[in-house]
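As structure tokens, the structure follows; a few thoughts come after it.
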Amino acid sequence: MSVAHADRLRLNVDTGERGAAHAVDHALVAHADIVNLACGGHAGDTESVAVFRSLAAQHGTLVSAHLSYPDREHFGRRAMKLSFDDLARSLDEQRKVLPEPTAVKLHGALYHAADRDPGLARSLAAWLRQAGFATVITPVPGELAEAARAQGLTVWAEAFVERRYHRSAESGRIELMPRTHPAACLSTLPEALTQAESLIVDRRVALFPTDEWCDLAVDTLCIHSDSPIALELAVALAERLRREGPAESSS
């Protein structure tokens, strides 16, 4: 069922990336509609998966599999030169750690590569369908969104509330600013909530550094758990979204 027809946007949070006992990650689960649970590629293991699955069940929070390049050293944030067969083998192993969810979100460098590379996007979309996924959280428009829809998968369009966007000088596309840029992250609660409000009310975002407005028709808003303001932002944003009405069921 598409979130596009939900009464409000859903809040999704990346979790399980800092061990099974991380207090902030535990608290985040209570405020999220969706937790993207690391499955061992960039972070996470069987212990953290079991703990966060249990927490999500207690709070009625939807779980999606957070899949990545097999790159724990760089937290999945560097592109890897892998054949697709090698990548698929890693993804198969990650899927075994968390086999039940039918929702998925790619992480880090793989998330961005799939959004830009049509060949990789097509291969990944076919793998996702074969692996039993029905819903993909990803940027829209983008290559993975198009390929996933061609495979009959539901796409939930995502935007980030504590990351700045810019227009790529190379492609002209609207993208997240690279983390290497000093202005890539919104570091204060007022800044992040201002961006979130534009996304909630107007479905648009201001680009850096020009303040040009760009439409982003999204279904879900994301907070990275490793953001210094993650928990206070999740508390405030969950309360803000509740005023929009209930989210749809995950069926």
**Study point:** Residues that Arg89 engages under salt bridge (charged side-chain N to carboxylate O under 4.0 Å, His left out), provided they are two or more places apart
**Key:** Asp86
Point to revise | All salt bridge (charged side-chain N to carboxylate O under 4.0 Å, His left out) counterparts of Arg95, not counting sequence neighbours | key: none
Practice item. Compare all side-chain heavy atoms of Ile223 with those of Leu237 and state whether any distance is below 4.5 angstrom. Key: yes
Review point. Taking atom CG of Leu11 and atom SG of Cys222, what is their separation to the nearest 0.5 Å?
Key: 8.0 Å
Practice item. Determine, for Arg204 against Asp215, whether the closest basic-nitrogen to carboxylate-oxygen distance falls under 4.0 angstrom. Key: no
Study note, to complete from the structure: Contacts of Gln58 meeting side chain to side chain contact (heavy atoms under 4.5 Å, CB included) (sequence neighbours excluded), chain-then-number -> Ser54, Leu55
Check your understanding: Are a donor atom and an acceptor atom from the side chains of Ser225 and Asp14 found within less than 3.5 Å of each other?
Key -> no
Check your understanding: Under the side chain to side chain contact (heavy atoms under 4.5 Å, CB included) test, which residues partner Arg78, sequence neighbours left out?
Key -> Asp71, His74
Check your understanding: Is the shortest side-chain N to carboxylate O distance from Arg167 to Glu212 below 4.0 Å?
Key -> yes
Review point. Is there a donor-acceptor contact under 3.5 Å from the side chain of His66 to the main chain of Val35?
Key: no
**Study point:** Test item: Asp219 side-chain N/O and Ala157 main-chain N/O as donor-acceptor pair under 3.5 Å
**Key:** yes
Review point. Which residues satisfy the ring pair (Phe, Tyr, Trp, His ring centres under 6.0 Å) test with His59, sequence neighbours excluded?
Key: none
Check your understanding: Is there a side-chain contact between Glu162 and His224 (heavy atoms, below 4.5 Å)?
Key -> yes
Check your understanding: So does Arg240 pair up with Glu197, basic N to acidic O under 4.0 Å?
Key -> yes
Review point. So does Arg53 pair up with Glu100, basic N to acidic O under 4.0 Å?
Key: yes
Check your understanding: With sequence neighbours excluded, what pairs up with Thr194 under the side chain to side chain donor-acceptor pair (under 3.5 Å) test?
Key -> none
Point to revise | side chain to side chain contact (heavy atoms under 4.5 Å, CB included) partners of Glu93, counting only residues at least two apart | key: Lys96
Point to revise | Salt-bridge present (Glu175, Arg163; N to O < 4.0 Å) | key: no
Point to revise | For His166, all residues meeting side chain to side chain donor-acceptor pair (under 3.5 Å), sequence neighbours excluded | key: none
Exercise for review: Determine the interplanar angle of the His42 and His107 rings, folded into 0 to 90°, and report it as parallel if under 30°, tilted if 30 to 60°, perpendicular if over 60°.
Suggested key: parallel
Review point. What pairs with Asp226 under salt bridge (charged side-chain N to carboxylate O under 4.0 Å, His left out), at least two apart in sequence or on another chain?
Key: Arg77
**Study point:** Qualifying residues under ring pair (Phe, Tyr, Trp, His ring centres under 6.0 Å), relative to Phe133, sequence neighbours excluded
**Key:** none
Review point. What residues, two or more places apart in sequence or in another chain, satisfy salt bridge (charged side-chain N to carboxylate O under 4.0 Å, His left out) together with Glu239?
Key: Arg242
**Study point:** Those residues that, when tested against Ser64, pass side chain to side chain contact (heavy atoms under 4.5 Å, CB included) (two or more places apart)
**Key:** Ile34, Asn36, Ala103, Lys105, Ile137
Point to revise | Check: Arg164 side chain, Cys185 main-chain N or O, donor-acceptor pair, under 3.5 Å | key: yes
